[in-house]
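What follows is a single structure, written as structure tokens, with notes after it.
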Amino acid sequence: MMKIQHLPALIVLTACCCSPKYELYTDYPPVIPAPAEVCWKKEEIKVTEIVRKLSHDEIPEEGYHLQIDRQGIVLEAHDSAGLFYGEQTLRQIMDEKGRARACDILDYPAFPYRGLHLDVSRHFMSTDYIKTLLDLMAEYKLNRFHWHLTDGGGWRFESKKYPLLTRKAQARMESDWTRWWDNGQRNFVETGTPGSYGGFYTQEEMREIVAYAAERHITVIPEIEMPGHSNEVFFAYPELTCKGTTGSSDYCIGNPKTFEFLFNILDEVMDIFPSRYIHIGGDEAGKNDWKTCPACQYLMKNEKLEDVDELQSWSIRKVEQYLNGKGRRIIGWDEILQGGLAPDATVMSWRGEDGGKTAAKMRHHVIMTPGNPLYFDHYQAAPSFEPLAIGGYNPLERVYAYNPLPADLTEEDHQYILGAQANLWTEYIPDEKHAEYMTWPRAIALSEVLWTPAEKKDWNDFLVRANLHTAQLIQRGINAFPLRNIDIQSEVDTIRQEIRIRIKKENLLAQLRYTTDGSQPEYRSPLCDSIITIKDSAQIRVRLFKGKEALTDAISYDSDYHKGIGKKALYNSQYYSGYAAGGNTALTDGKRGSWTYLDGLWQGFTRPMDVTIDLGEKQELHRISAKFMQVKGAWVYTPGTVEVLLSDDGEHFRSIGVKKTAISMDDFEIRFETQKFNTTDSARYVRMKATQSETKEGTFIFTDEIIIF
């Protein structure tokens, strides 16, 4: 039995004549993803020749056994993929002089499906970029490339059978997604129109990508969206909608020509892509036209379908039967569960994990890809110094902490979870450099999640290796995110009546400096190297420095130990269960939200917010406030008006003022607004009401705390 040695990575501080200089090193090669079993030795071996062997004994599929010692280098594997992955590890072990650390490694993947997704519909990406992406995927042992070829932003797949798709449904006159989509300019123009924006892949180019990926043991899974997200199709073939016009996003399921079209397209897809799986979308179908369409209603009556959900399920089963007949299987987003799951379908769970768990219990294969934390179009650091993103917050540590096997499923259920995938949707990612920035190094965190056994994962160890790999990627010309995230967490101590603030960084070569009075931190400001304790109120500002150079803008975090902490909150209007935060204690727990409503600290309301805080006894009051946020892309808006009322008995309330928002609902940036109310009154009950304007009905109001002094 091989002795397993797992030595911790080290960070060393060395003296410098001018200022402290941080240097990172590891006492073993910083391999990512970390091998399953490894014994590092002291010798350095010159790499001259590699003996490669294929075996079928105890090495798992895609696994390898790498031995480096004075006798030479021997690489054994179960299959050619294993040999390839062993070579990727050897490349990481070797230094620039061609020497490799002596070792004995037995390595194999934790999951068979290790994927990345790229949306090229909203913004077209070149084949050169895709090849670079595939090269990096292979280095980090990712083996599935999900190519999102069609969607409302444009049709990117050349069809010989339906040439109008790339003539009339791929080019648009507006490159900015917000202006094109949100402002109602959703029109396409003929290919070749001067000034138009778009692109498509010829069948020859797609075959080239498939072959390039196969050489790197990556399977390309194409996606052709149906029955929704297809409005671009109808600029070329409007007869495939229920109304026979553009403007719809759903195919007409009652029209036989729909399936003639889809089956012909899928035939072309299968001729190019040998993947066992074909992704057919299935998400966010509007279905409204189906409710009044005579053809759809006739079909529902004939097939004894009770509602449009069952009609969607019927259409998915029909497509599945066709693909099964060709020896293929379907993957669909978790909405394909609605109305009943097709018999042999694999589910991609993106709306959290519930869809995946349901499918696994039904004995269907599952690929976990929940938006939190595997949507790489979400922010990876504070928006104040990041390019515009769709919202959310998926930093490196949250990606690394993900486990695709939910704890509330049985071991038998776990057998149906094939792995996981990160998705890069490109509404707000207009070019390839930006796509690289959002993908790396988060994708290397995912690679370790999916390759390394869960019990061998170690965040602190990985972070050192990730710093080294990120620097190498940047040196190679990859526009990787330079690990400048700052994460702030708080702990409320009601016994000591204090709040303790912990601040973490990703960049191990930089220093955190802070202030507590709201001023901008400078390079002489105190180092944030311990817990910050707040007894009253503080306006914390934190900034990342490398020597005298500021690497980021300041991150703001206000903290208040106020009179309402720990007091009972009475909800006159109930919060939305999906954004409950801390439930009935969320607005009086002393925990302030960060810049994202997905941090579990912001409480969401889909109706007017109306909350009363019972202070337990009548008290003299001076200031009452609450902070609200706006994230237009997520339908989160600051309230139109906020009112504070006071009461001595909890029944009769008197208003101390009404404030209106100063933020336009058309503002697409992430915005925050604090509404403050000063008073000299005394009361036991403090009531806050926040209302939406008529145009914001059905959207969210988010607040994190009602602060009472």
Side-chain angles (χ1 to χ4, degrees), residues 117-131 133 146-209 220 222-241 243-251 258 261-262 264-266 268-269 272-273 279 281 284 286 377 388 390 424-436:
H117 156 286
L118 178 65
D119 164 23
V120 294
S121 173
R122 276 79 174 192
H123 292 284
F124 180 78
M125 306 282 173
S126 70
T127 56
D128 285 343
Y129 171 74
I130 292 172
K131 288 178 179 179
L133 177 65
H146 176 175
W147 203 359
H148 191 82
L149 288 162
T150 71
D151 208 311
W155 183 277
R156 308 297 175 209
F157 175 91
E158 182 194 30
S159 168
K160 305 287 190 183
K161 183 81 172 178
Y162 299 98
L164 293 184
L165 289 168
T166 48
R167 201 175 93 195
K168 292 179 174 290
Q170 67 86 9
R172 56 189 199 244
M173 295 305 294
E174 177 58 71
S175 62
D176 184 276
W177 178 261
T178 302
R179 287 197 293 266
W180 186 76
W181 185 263
D182 287 351
N183 295 344
Q185 302 174 15
R186 305 179 192 177
N187 296 316
F188 292 90
V189 296
E190 291 266 349
T191 294
T193 300
S196 63
Y197 174 82
F200 65 91
Y201 304 99
T202 67
Q203 294 199 359
E204 291 73 20
E205 287 173 325
M206 289 184 285
R207 292 184 198 278
E208 183 182 348
I209 290 296
V220 181
E223 179 177 359
I224 303 295
E225 274 279 1
M226 60 185 82
H229 275 277
S230 301
N231 53 289
E232 85 286 7
V233 172
F234 310 131
F235 280 84
Y237 300 98
E239 64 271 20
L240 299 179
T241 68
K243 296 179 180 178
T245 62
T246 62
S248 175
S249 63
D250 301 338
Y251 288 97
T258 289
F261 170 84
L262 290 174
N264 285 334
I265 289 292
L266 290 171
E268 290 187 279
V269 169
I272 296 168
F273 295 93
H279 203 299
E284 298 182 328
D377 52 326
L388 179 66
I390 200 167
L424 188 69
W425 302 100
T426 59
E427 287 94 335
Y428 307 103
I429 302 174
D431 56 51
E432 296 163 0
K433 283 297 181 183
H434 193 170
E436 280 184 342

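- Inter-residue side-chain proximity for V269 and M206 is flagged as unmet; no heavy-atom pair is nearer than 4.5 Å.
- Closest approach of G153 and W177 over heavy atoms only: CA-CZ3, 3.7 Å.
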- Task: Determine, stepwise, if the pair K131 / D128 fulfils salt bridge (Lys or Arg N to Asp or Glu O under 4.0 Å).
- Result: CA-CA 5 Å; K131 288 178 179 179; D128 285 343; 5.0 Å; no

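- Atom CD of E436 sits about 12.0 Å away from atom CD1 of I429, to the nearest 0.5 Å.
- Panel note: side chain D176, backbone T178; a donor-acceptor pair is recorded below 3.5 Å.
- Legend: residues meeting ring pair (Phe, Tyr, Trp, His ring centres under 6.0 Å) with F157, ordered by chain and number and at least two apart, are absent.
- Judged by distance alone, the side chain of T241 and the main-chain N or O of T245 form a donor-acceptor pair under 3.5 Å.
- Residues in residues 224-241 take part in no salt bridge (charged side-chain N to carboxylate O under 4.0 Å, His left out) pair, two or more places apart or across chains.
- For the residue pair T127 and E205, the shortest heavy atom distance occurs at CG2-CB, 4.1 Å.
- The OG1 atom of T202 sits 8.5 Å away from atom CD of E208, with the distance rounded to the nearest 0.5 Å.
- Taken to the nearest 0.5 Å, the CG atom of L118 stands 10.0 Å off from the NE2 atom of H146.
- Here the CZ-CZ distance, from R122 to R172, works out to 9.5 Å after rounding to the nearest 0.5 Å.
- Interatomic distance, OG of S159 versus CD1 of I224, reported as 9.5 Å (0.5 Å rounding).
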- Stepwise, does the side chain to side chain contact (heavy atoms under 4.5 Å, CB included) test hold for W181 with R186? CA-CA 6 Å; W181 185 263; R186 305 179 192 177; 3.5 Å; yes

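- Residues satisfying the ring pair (Phe, Tyr, Trp, His ring centres under 6.0 Å) criterion with Y197, sequence neighbours excluded, are H123.
- The backbone N or O of T426 sits less than 3.5 Å from a side-chain atom of D119, completing a donor-acceptor pair.
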- Start with the C-alpha gap between W147 and H117, add the side-chain angles, then the distance that decides, and say whether ring pair (Phe, Tyr, Trp, His ring centres under 6.0 Å) holds. CA-CA 6 Å; W147 203 359; H117 156 286; over 10 Å; no

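- In this structure, L164 and A236 approach most closely via the heavy-atom pair O-CB, 3.5 Å.
- Residue A435 comes nearest to Y129 through the heavy atom pair CB-OH, 3.4 Å, listed as atom of the first residue, atom of the second, then distance.
- Side-chain contact annotation: Q170 with T191, donor-acceptor N/O pair under 3.5 Å present.
- Between the side chains of S126 and E432, a donor-acceptor pair is found at a separation under 3.5 Å.
- Two residues are said to be in side-chain contact when any heavy atoms from C-beta on lie closer than 4.5 Å; D250 and F234 fail this criterion.
- Exactly one of W180, F200, W155 qualifies for a ring pair (Phe, Tyr, Trp, His ring centres under 6.0 Å) with F188. That residue is W180.
- Here the closest heavy-atom approach between residue S248 and residue N231 is recorded as O-CB, 3.1 Å.
- Distance alone, capped at 3.5 Å, places no donor-acceptor pair between the T193 side chain and the S196 backbone.
- In this structure, R156 contributes its side chain and S121 its backbone to a donor-acceptor pair below 3.5 Å.
- Using modelled atom types, one side-chain atom of Q203 and one backbone atom of E158 make a donor-acceptor pair closer than 3.5 Å.
- Under 3.5 Å, the side chains of N264 and Y162 contain a donor-acceptor pair of N or O atoms.
- E268 places no side-chain N or O within donor-acceptor distance of the main-chain N or O of I265, the cut-off being under 3.5 Å.
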- What's the verdict on salt bridge (Lys or Arg N to Asp or Glu O under 4.0 Å) for R207 and E204, showing C-alpha distance, side-chain angles and the deciding distance? CA-CA 5 Å; R207 292 184 198 278; E204 291 73 20; 5.9 Å; no

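- Considering NE2 of H229 and CG of D151, their distance stands at 5.5 Å, rounded to 0.5 Å.
- Among all heavy-atom pairs drawn from D377 and W425, the shortest one is CB-O, 3.2 Å.
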- Task: Walk me through it: do E190 and R167 pass the test salt bridge (Lys or Arg N to Asp or Glu O under 4.0 Å)?
- Result: CA-CA 6 Å; E190 291 266 349; R167 201 175 93 195; 3.3 Å; yes

